[in-house]
Structure formats: structure tokens, C-alpha cells
Amino acid sequence: MRTKILVTGGLGFIGSHTVVALQEKGFEVIIIDNLSNSYVQVLDGIEKITNQRPIFEQIDLREKEMVKKFFEKYNDIEGVIHFAASKAVGDSVKKPLVYYENNLSTLIYLLQELQKNSRANFIFSSSCTVYGQADNLPINEKAPIKTAQSPYGNTKQIGEEIIADTCKINLNLNAISLRYFNPIGAHSSAEIGELPIGTPQNLIPFITQTAIGQRKELMVFGNDYPTRDGTCIRDYIHVMDLASAHVLALERLIKRKEDSNFEIFNLGTGNGNTVLEVINTFEKSTGINLKYKFSDRREGDVIAAFADTVKANNVLGWKAERSLAEALQSAWKWQKRFA
Ligand code: WQD
């Protein structure tokens, strides 16, 4: 009997890549997704890669009764990886209550069901956003949590506190929070990838849509930052490296290898690249000249953020393996599917 894992938001960008990595490791995956920011066709892409079609339940996790019924139906789930959340930083500033309700009520309803189990394993999708502009670089897990710059970032901070407090009084609940830096790229098969709805907020989809001619030009948000070339620095991590970290974290929880019942790991490459370096790497690795120009800084952007990966390397036994060029090439291969 294969170990059953629930992946919420499993038809989304990071969720779908993690489902592939889980299936390839022999796990049986059940996906919950409400299709508010994803497409059911992603199931076909996953099946094309792994030859296994995950069980899919279209459920809105804000429906408390639906969550309860789900766990009554699937009472042999060994672990939950919780991706389902609203994640657009700018959008969250305009609709704070939508973000607080969606990102927090769904987490609470899941944890309420999980704490009924004799042993429950829970992985939370968090973000380096919780650090804001860190005082020291690279950023390790002990870096202070700064006041959130957006309701989105605040829901990640509050979410981690909710989990920490629940784990304190519930020793049968074992949780890991994974703080992603900047996930980019696509599975090498180009059967799944990032599918932003409308105008992309994030850099890489905007680059690939500009390269394919869907966008006139890329605006680089500010070139007067105190960095080596004036543009912001981020830690861009291949989504498949991120996916493999989730499998290792889940195995750590299932084997009860963790040091405490709530652990936190930063997931990045440990390298920081400027926006201009990303553009140059994209041009070199695809042979495409990108049209871009500089514009004003974007509200809320931090100057620089990249991960100290020592804890993930030594404790989780995980290291990002793919290069920035490889990630950008995979994003481009995926974009060309929509030419
Ligand atoms: C990267 C850099 C921009 C677009 C956000 C969230 C984070 C996570 C990833 C959800 C910045 C610059 C971007 C453009 C640009 N999301 N840029 N022109 O803001 O680091 O992180 O997305 O989990 O939580 O905070 O990513 O890709 O938006 O921006 O110049 O058209 O690219 O200024 O320096 P960000 P991003």
C-alpha cells in the first residue's frame, strides 16, 4: 500500500512540480485545488510525465464542512503539503481581507482536522518575504522576522505562528515550514510550468512573455539600488529543486527524524543575482535579445535577498542542483509551448 499524501494547491506552479516529485518517489498523491488560480488540464501534464494521474478533488478549503468531509473520506492520509493560498503581493495590498480569509482560514481548518490524528505530518509553503529586507546576507533561519510589507507576507508570518502554537500543545502534529526564495523555471519536459493568469507580476514569466512577443518590453523596476549594477538581487531557485526539498522534508517527518515537532528551512540556491544578470543569462542561454527599459522602483521591493542554505544542506540533506541558466532555459522551453 503506497503512502497517501494530500497536496493542496497541487495544480498550481510549485504544487504541480512537487506532485511529480512525490509520485516519482512512490507516494500516492491526492490533490485538492479550487481552480481559482490554476487549470484542471495540469492533471494531464502531470500524468504525461509520471504516467500516474493523481486523485483530484475540487474543494474550496474555506468551506470548513468540506474539509471535514474530505478527511472523513480519506482517513489514511500520512502527510499534507499545503500550497493552496493567494500569493500576489501587490493584489494583497488591494484586497487584504480576501488574503487573510483565504490564507488563514484554510490553514486553520486543515490543522483542526489534522490534530484529530494520532500522528500528522504537515508541510507549510512559506516565503523569504517573512524576512523583509534582512540586515545580514545571506539570510539564515534565525534572521529576525520583520514587519510584513504586505498582507500576503503577513499571512505567511501569522501562518507560521499558528502552526508553531498548535505544535506546542499537540506533540502528535509534526510540521515543517519551507521558506522559498524565488521559484522559477519548469519541468524539463515542458509538460507543466508557471501559468500566471493575466499580466505576470513576477520577473521570469514577464521575461519569457516579452521574449515570445506577448509583451512589448520588460520594465526593470529601478536601477538605482545600492547593488553591483543598480538592480535588485534575488535568489532564483529551479522549481524542481524546490520540489525535491518537499519530498525530503516529508520523508523527514514520516521517519520522525526531526529535532523538534516544528522546524523551519530556507530554500534557495545561496546565490544572489541582479535583475540585469538574469536578463543577460537569459539572453546568453536562449540567444534571444530582450527588449527592456528601466522604470521607477516597485513599492515594497527589498534591495537584496538570498539564502544561507547551511541548515537545509546539513539537516534536511538537500541542495539546489540546477543553475540559473538551466532554470531560465526550462522557463523558455515551457513558454514556447504557448507560441
Ligand atoms: C523579482 C525582481 C523586481 C517584475 C515575490 C514574492 C515572493 C514570491 C516570489 C510568492 C524584483 C524585479 C519583477 C518585472 C522587474 N511569491 N521585476 N520587472 O518580488 O522577489 O518575490 O515573488 O510566494 O513571496 O514577494 O519576485 O519576480 O516579482 O521580482 O524588474 O516586471 O524582479 O523588482 O527586483 P519578488 P518578482
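Nothing fancy with the numbering, it's 1 onward along the sequence. Both ligands and their constituent atoms are indexed starting at 1 by order of listing.
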Which of the atoms in ligand 1, numbered in the order shown and given with their element, are less than 4.0 Å from a heavy-atom of [X]?
{"X": "V220", "result": "30 (O)"}
{"X": "N182", "result": "20 (O), 21 (O), 26 (O), 35 (P)"}
{"X": "S127", "result": "7 (C), 24 (O)"}
{"X": "V275", "result": "12 (C), 32 (O), 34 (O)"}
{"X": "V89", "result": "6 (C), 25 (O)"}
{"X": "Q201", "result": "4 (C), 28 (O)"}
{"X": "Y236", "result": "1 (C), 2 (C)"}

Can you tell me the protein heavy atom closest to [atom] and the distance?
{"atom": "atom 20 (O) of ligand 1", "result": "R234 NE, 2.6 Å"}
{"atom": "atom 14 (C) of ligand 1", "result": "F221 CE1, 3.3 Å"}
{"atom": "atom 28 (O) of ligand 1", "result": "R298 NH2, 2.9 Å"}
{"atom": "atom 33 (O) of ligand 1", "result": "D301 OD2, 2.6 Å"}
{"atom": "atom 18 (N) of ligand 1", "result": "M219 O, 2.8 Å"}
{"atom": "atom 24 (O) of ligand 1", "result": "T129 OG1, 2.6 Å"}

### Query
Is ligand 1 under 4.0 Å from a heavy atom in the side chain of N202, in the backbone, in both, or in neither?
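N202 to ligand 1: contacts from backbone and side chain alike.
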### Task
With heavy atoms only and a cut-off of under 4.0 Å, state how Y152 meets ligand 1: side chain, backbone, both or neither.
side chain
### Query
What's the spacing between L242 CG and W318 CH2 if we round to 0.5 Å?
7.0 Å
Do any nitrogen or oxygen atoms of [X] lie less than 3.5 angstrom from nitrogen or oxygen atoms of ligand 1?
{"X": "L203", "answer": "yes"}
{"X": "C232", "answer": "no"}
{"X": "L218", "answer": "no"}

#### Entry: F338 and W334 aromatic ring geometry - parallel, tilted or perpendicular at 30°/60° bounds
perpendicular
Go through the side-chain N and O atoms of [X] and [Y] and say whether any donor and acceptor fall under 3.5 Å apart.
{"X": "N170", "Y": "T166", "answer": "no"}
{"X": "Y99", "Y": "D91", "answer": "yes"}
{"X": "T269", "Y": "D235", "answer": "yes"}

Using a strict 4.0 Å threshold on nitrogen-to-oxygen distance, state whether [X] and [Y] make a salt bridge.
{"X": "K319", "Y": "D241", "value": "no"}
{"X": "K293", "Y": "E217", "value": "yes"}
{"X": "R234", "Y": "D301", "value": "yes"}
{"X": "K156", "Y": "E160", "value": "no"}

### Message
Quick check on atom 6 (C) of ligand 1 - does any protein heavy atom sit closer than 4.0 Å to it?
### Response
yes
### Task
Kindly indicate, with the supporting measurements, whether the criterion ring-ring contact (aromatic ring centres under 6.0 Å, His included) is fulfilled by H246 and Y180.
CA-CA 11 Å; H246 286 75; Y180 314 147; 5.3 Å; yes
### Identified side chain to side chain donor-acceptor pair (under 3.5 Å) counterpart of N121 within the set R256, E78, R252
R256
### Message
Taking side chain to side chain contact (heavy atoms under 4.5 Å, CB included) as the criterion, tell me which of I279, I212, L328, I288 meets it with I207.
### Response
I279
